[in-house]
Every structure is written in C-alpha cells, then in structure tokens.
Amino acid sequence: MIVSTMNDASPAEAPTSQTLREAVETSMARYFEHLDGGNVTDLYAMVMAEVEAPLLQAVMVHTQGNQTVASQVLGLNRGTLRKKLKQYDLL
C-alpha cells in the first residue's frame, strides 16, 4: 500500500510516496532518535492508539459513516468497531 506523506517537508514541497510500512519505519526511527537514550514503556499500546484512531476515522469517512461496510473493510466485528469508535470519540 502506498501512502502520501509530508514527512518533514515544507508546505511548498510535494509529498513523497512511500509504503505504509516505510512510513512506520521512518516514524519509529525518528521517535527513537528523539528519545536520546531515554526509557520508553508500553510502546505497542502507544503506537496502536496513535494509528488506530486515524485509521478508523479514515475508514468511516470512506464508507460515509456506514458501520456495517466499515467493519467489513476493516475485517472487524461490527460490535468491536462500535466499541473502538466510542473509545476514540468517533461516534
């Protein structure tokens, strides 16, 4: 999957195309650089919370708010989708 990202580009620069995987790798490398030797805990939960909310929001926009279709697109049970939408105040 190719995503368009701005990375650290100025608004006048065109976005670059990179895979979602590459975007995650770049973001994680940048995150660890900024830690500057500091400790981190619960990284998995932090990353999932950062990624899950915009993912759900994008899918809901794409499906025009149709939770049944959104749950199919995401491969989630509709009840699970509703729980996550509530969790991130997206209902």
Do side-chain atoms of T80 reach the backbone of L76 as a donor and acceptor pair under 3.5 angstrom?
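Here the side-chain-to-backbone pair does not exist.
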Do N66 side-chain atoms and V69 backbone N/O form a donor-acceptor pair below 3.5 Å?
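Looks like yes, one N/O pair under 3.5 Å.
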ILVMFWY cluster, [X] and [Y] together (side-chain gap under 4.5 Å):
{"X": "V24", "Y": "V40", "value": "yes"}
{"X": "V59", "Y": "V51", "value": "no"}
{"X": "V61", "Y": "L91", "value": "no"}
{"X": "M46", "Y": "F32", "value": "yes"}

Sorted by first residue and then second, give each salt bridge (Lys or Arg N to Asp or Glu O under 4.0 Å) pair with at least one member in residues 52-74; sequence neighbours left out.
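Counting only pairs at least two positions apart or across chains, the salt bridge (Lys or Arg N to Asp or Glu O under 4.0 Å) contacts touching residues 52-74 are E52-K84.
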Keeping to residues at least two apart or across chains, list the salt bridge (Lys or Arg N to Asp or Glu O under 4.0 Å) pairs with something in residues 71-83.
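Output for this query is empty, none listed.
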Indicate the atoms forming the closest heavy-atom contact of [X] with [Y], along with that distance.
{"X": "S71", "Y": "L81", "result": "N-CD2, 3.6 Å"}
{"X": "M60", "Y": "L85", "result": "CG-CD2, 3.8 Å"}
{"X": "Y88", "Y": "A53", "result": "CD2-CB, 3.6 Å"}

As an exercise, state the distance from [atom1] of [X] to [atom2] of [Y], rounded to the nearest 0.5 Å.
{"X": "Q18", "Y": "E25", "atom1": "CD", "atom2": "CD", "answer": "9.0 Å"}
{"X": "N77", "Y": "Q72", "atom1": "CG", "atom2": "CD", "answer": "11.5 Å"}
{"X": "L43", "Y": "M48", "atom1": "CG", "atom2": "CE", "answer": "11.5 Å"}

Are L74 and L56 packed together at the side-chain level, in the sense that at least one heavy-atom pair is separated by less than 4.5 angstrom?
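Contact flag for L74/L56 side chains = yes.
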Neighbour count above 12 (heavy atom, 6.0 Å) for Q87 CD
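Atom CD in Q87 is packed in, count exceeds 12.
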Going by the side chain to side chain contact (heavy atoms under 4.5 Å, CB included) test, name the single residue among M28, H34, E33 that passes it with Y31.
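The option that passes is M28.
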